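Okay, so here's the structure we're looking at.
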Amino acid sequence: MSKVFLALQITDDSRSIVDALLADNPGATLDEQPAMVKIDCEGKLTLKRESVEERMGRPFNLQELHLNLISLSGNIDETDDEFTLCWRQ
């Protein structure tokens with residue numbers, strides 16, 4: 001399998017997003033850089049709206065992810081409740 005990744009600017013909102021990604025994807029690894037974070041995962045990486053809302057303490061629309069997004073790698077599968085990156089074979 002190949003790795004997928006998500007790179008985000010460091011903001012208050014993105015900290016909650018990163019916490020949710022790491023909690024919901026046990027194989028994910030965090031690479032912290034100045035002003036950005038990169039989360040890598042083998043095969044698939046899923047962001048769950050509910051997990052982000054629990055950490056933010058407010059409603060979260062997955063489209064808000066794009067406000068902090070720098071780059072990503074993988075094919076996107078998106079619903080109102082989950083944003084998933086994976087490589088389709």
Side-chain angles (χ1 to χ4, degrees):
M1 265 188 218
S2 297
K3 286 189 176 184
V4 294
F5 78 83
L6 195 62
L8 303 169
Q9 297 177 58
I10 296 177
T11 65
D12 289 337
D13 286 348
S14 67
R15 286 181 182 92
S16 297
I17 294 168
V18 169
D19 289 346
L21 281 166
L22 294 174
D24 292 338
N25 299 276
T29 58
L30 177 64
D31 179 12
E32 297 181 88
Q33 300 291 325
M36 70 162 269
V37 293
K38 182 180 174 200
I39 302 94
D40 292 287
C41 195
E42 193 71 37
K44 181 171 94 168
L45 186 65
T46 300
L47 178 65
K48 297 178 183 176
R49 179 190 49 77
E50 184 178 348
S51 294
V52 178
E53 288 178 343
E54 288 173 6
R55 287 156 179 82
M56 284 187 172
R58 66 168 179 84
F60 179 75
N61 184 323
L62 284 175
Q63 294 298 311
E64 293 179 58
L65 172 68
H66 299 283
L67 298 172
N68 300 301
L69 183 64
I70 295 172
S71 184
L72 57 82
S73 173
N75 298 112
I76 299 170
D77 184 16
E78 189 172 14
T79 68
D80 289 341
D81 296 319
E82 291 186 350
F83 179 93
T84 300
L85 292 173
C86 64
W87 288 113
R88 296 191 185 109
Q89 300 294 335

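Note that this is a predicted model, so its numbers are computed, not measured.
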Original post:
Looking at Leu85, Val18, Leu21, which hits side-chain contact (heavy atoms from CB on, under 4.5 Å) with Leu47?
Top reply: Leu21
Subject >> Closest non-hydrogen atom pair between Ser51 and Ala20, with its separation >> reply: CB-CB, 3.8 Å
Subject >> Which atom of Phe83 lies closest to which atom of Leu6, heavy atoms considered >> reply: CE2-CD1, 4.4 Å
**OP:** Looking only at non-hydrogen atoms, find the nearest pair between Glu42 and Ser2 and report the distance.
**Re:** OE2-N, 3.5 Å
**OP:** With sequence neighbours excluded, give me every salt bridge (Lys or Arg N to Asp or Glu O under 4.0 Å) pair touching residues 62-77.
**Re:** Arg58-Glu64
Original post:
For the atom pair CD (Gln9) and OG (Ser14), what is the distance rounded to the nearest 0.5 Å?
Top reply: 7.5 Å
Original post:
Sub-3.5 Å donor-acceptor pair from the side chain of Ser71 to the main-chain atoms of Ala7, do we have one?
Top reply: no
Original post:
Any side-chain heavy-atom pair from Leu67 and Asp13 closer than 4.5 angstrom?
Top reply: no
Subject >> By side-chain contact (heavy atoms from CB on, under 4.5 Å) - contacts of Asp19 (at least two apart) >> reply: Arg55
Original post:
After noting the C-alpha distance and the side-chain angles of Trp87 and Asn75, does the key distance pass the side chain to side chain contact (heavy atoms under 4.5 Å, CB included) rule?
Top reply: CA-CA 6 Å; Trp87 288 113; Asn75 298 112; 3.8 Å; yes
Original post:
Got more than 12 heavy atoms from elsewhere within 6.0 Å of CG, Asp80?
Top reply: no
Subject >> Exam field: side chain Asp40 to backbone Thr29, donor-acceptor pair closer than 3.5 Å >> reply: no
Subject >> From Phe5 atom CZ to Ile39 atom CD1, the distance as rounded to the nearest 0.5 Å >> reply: 10.5 Å
Original post:
By the rule that ILVMFWY residues connect when side-chain heavy atoms come within less than 4.5 angstrom, directly or transitively, which residues belong alongside Met36?
Top reply: Ile70
Original post:
What pairs of residues pass the salt bridge (Lys or Arg N to Asp or Glu O under 4.0 Å) test when at least one of them lies in residues 22-37, not counting sequence neighbours?
Top reply: none
Original post:
Take atom CD in Glu50; do more than 12 heavy atoms of anything else shown fall under 6.0 Å from it?
Top reply: no
Original post:
What's the spacing between Met56 CE and Asp12 CG if we round to 0.5 Å?
Top reply: 9.0 Å
Subject >> Check against side chain to side chain contact (heavy atoms under 4.5 Å, CB included), Leu69 and Leu8 >> reply: CA-CA 5 Å; Leu69 183 64; Leu8 303 169; 4.1 Å; yes
**OP:** Measure across Val4 and Gly43 and return the closest heavy-atom pair with its distance rounded to 0.1 Å.
**Re:** CG1-O, 4.0 Å
**OP:** Mind checking side-chain contact (heavy atoms from CB on, under 4.5 Å) for Ile10 and listing every partner two or more places apart, or none if nothing turns up?
**Re:** Arg15, Val37
Original post:
Got a sec, which residues hit side-chain contact (heavy atoms from CB on, under 4.5 Å) with Glu53, two or more places apart in sequence or on another chain?
Top reply: Arg49, Pro59, Phe60
